[in-house]
Peer 1: 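To start, I am sharing the structure in question, which I have written as structure tokens.
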Amino acid sequence: MIAEDGISDYGFAKRKAARQLGAVNADELPNNAEIEAEVRTYLAVFQDEEHLERQQVMRLAAIEVMRELDAFRPYLTGAVLEGTAGRYSEVEIDLFPESAKEVEIFFLNQNVAYEHREPRRNQPDGPEAILVFDWDDIPFKLRIYAQDIERVSRRGAHGARQMERARRSVVEALVSNTPATAGTTP
């Protein structure tokens, strides 16, 4: 479901799979690290060349967008950074501007068409706003956080594993160190 259908929420995918398989015990479900390892294996077996090319294209697009949004302190996160982006993945970028409105004003001034989504309100230190848009036909999701959240350790849903994020220079290094025919490292 994650690799083929583009489901990015591991918890949702686990619950859906558990229902389909009749599993009721949460201890029977794999953890996120096990899921990520299997997604990598699946992509390597069934979508290897396509996956590597898509990964490179998405990282290059991330660099362009991060360059444009540099004033808002962007970080790449999610499947594109981790090397598990599937056919339907979005490029996920976290921003830490002085205010969320500042980013929206920037988009309006640049004539960038975007959709504003309300974030879940039950997340401590969660995003103030979420903006989605396409950049050269590549879907992007920007999560906009308060400035002081930048220094807070990022945790996955329900305190799960540490979520990685990378500045533009790290993404540029990933791109320059990843030939089109070689694997990627998160």
Side-chain angles (χ1 to χ4, degrees), residues 1-3 5-19 26 29-37 39 58-59 61-86 88-110 112-135 138-171 174 186:
M1 288 183 283
I2 291 168
D5 300 333
I7 295 175
S8 61
D9 182 336
Y10 284 10
F12 174 77
K14 283 191 249 187
R15 290 187 300 276
K16 186 173 180 178
R19 276 194 307 274
L29 300 177
N31 64 38
N32 289 355
E34 292 169 324
I35 291 173
E36 190 171 305
V39 169
M58 292 179 92
R59 285 179 175 170
I63 290 168
E64 289 179 38
V65 170
M66 292 172 81
R67 188 173 288 122
E68 292 291 323
L69 299 173
D70 193 54
F72 309 118
R73 297 192 317 279
Y75 291 86
L76 180 64
T77 67
V80 174
L81 175 62
E82 295 167 355
T84 58
Y88 306 105
S89 295
E90 298 171 306
V91 177
E92 299 176 56
I93 295 177
D94 290 351
L95 301 175
F96 299 90
E98 289 184 26
S99 79
K101 290 290 179 203
E102 197 179 356
V103 178
E104 293 191 64
I105 290 169
F106 174 82
F107 272 38
L108 291 171
N109 288 337
Q110 299 298 318
V112 174
Y114 67 92
E115 178 185 333
H116 184 278
R117 293 190 186 157
E118 283 298 315
R120 293 181 191 154
R121 293 294 174 194
N122 61 351
Q123 299 174 2
D125 300 328
E128 294 177 358
I130 297 173
L131 305 181
V132 294
F133 63 97
D134 286 345
W135 182 274
I138 297 172
F140 274 77
K141 178 193 288 184
L142 302 179
R143 285 183 296 266
I144 304 171
Y145 293 89
Q147 270 187 330
D148 59 335
I149 302 299
E150 183 176 10
R151 305 272 184 251
V152 174
S153 173
R154 289 183 29 115
R155 303 298 293 174
H158 309 294
R161 69 183 173 86
Q162 180 75 23
M163 294 179 69
E164 297 295 324
R165 62 183 182 191
R167 289 260 192 208
R168 187 179 78 225
S169 61
V170 173
V171 181
L174 283 174

Peer 1: Give the minimum heavy-atom separation between P139 and D134, together with the two atoms involved.
Peer 2: CA-OD1, 3.3 Å
Peer 1: When you compare the side chain of P74 with that of V65, does any pair of heavy atoms fall below 4.5 Å?
Peer 2: no
Peer 1: Show the nearest heavy-atom pair for residues I149 and Y145, with the distance to one decimal.
Peer 2: CG2-CD2, 3.9 Å
Peer 1: Within this structure, what is the CZ-CD distance for the pair F106 and E68, rounded to the nearest 0.5 Å?
Peer 2: 5.5 Å
Peer 1: Any idea which heavy atoms bring M58 and S89 closest together, and the distance?
Peer 2: CE-O, 3.2 Å
Peer 1: How close do T77 and I93 get, counting heavy atoms only, and between which atoms?
Peer 2: OG1-N, 4.4 Å
Peer 1: Could you give the distance from CZ (R59) to CD1 (I63), rounded to the nearest 0.5 Å?
Peer 2: 9.0 Å
Peer 1: Can you confirm whether F96 sits close enough to D148 that some side-chain heavy atom of one is under 4.5 Å from a side-chain heavy atom of the other?
Peer 2: no
Peer 1: Going through the distances and angles, do L69 and L142 end up as a side-chain contact (heavy atoms from CB on, under 4.5 Å)?
Peer 2: CA-CA 10 Å; L69 299 173; L142 302 179; 3.8 Å; yes
Peer 1: Quick one: closest heavy-atom pair of A129 and H116, and the distance?
Peer 2: CB-NE2, 3.6 Å
Peer 1: List the residues meeting side-chain hydrogen bond (donor to acceptor under 3.5 Å, both in side chains) with R167, not counting sequence neighbours, and say none if there are none.
Peer 2: Y75, E150
Peer 1: Just by distance, do the side chain of R143 and the backbone of P127 share a donor-acceptor pair under 3.5 Å?
Peer 2: no
Peer 1: Which pair of non-hydrogen atoms, one from A79 and one from E92, has the smallest distance, and what is that distance?
Peer 2: N-OE2, 4.2 Å
Peer 1: Carefully, step by step, assess I138 and V91 under the rule side-chain contact (heavy atoms from CB on, under 4.5 Å).
Peer 2: CA-CA 8 Å; I138 297 172; V91 177; 3.7 Å; yes
Peer 1: CD of E98: more than 12 outside heavy atoms within 6.0 angstrom?
Peer 2: no
Peer 1: Name all residues meeting the side-chain hydrogen bond (donor to acceptor under 3.5 Å, both in side chains) criterion together with E118; count only those two or more places apart in sequence or in a different chain, and write none if there are none.
Peer 2: R121
Peer 1: Show your working on side-chain contact (heavy atoms from CB on, under 4.5 Å) between I130 and K141 and close with a plain yes or no.
Peer 2: CA-CA 7 Å; I130 297 173; K141 178 193 288 184; 3.7 Å; yes
Peer 1: Does L174 form a side-chain contact (heavy atoms from CB on, under 4.5 Å) with L81? I'd like the steps, not just the answer.
Peer 2: CA-CA 9 Å; L174 283 174; L81 175 62; 3.8 Å; yes
Peer 1: Students often mix this up, so state it plainly: with edges at 30° and 60°, are the rings of F107 and F133 parallel, tilted or perpendicular?
Peer 2: perpendicular
Peer 1: D70: what forms a salt bridge (Lys or Arg N to Asp or Glu O under 4.0 Å) with it, not counting sequence neighbours?
Peer 2: R168
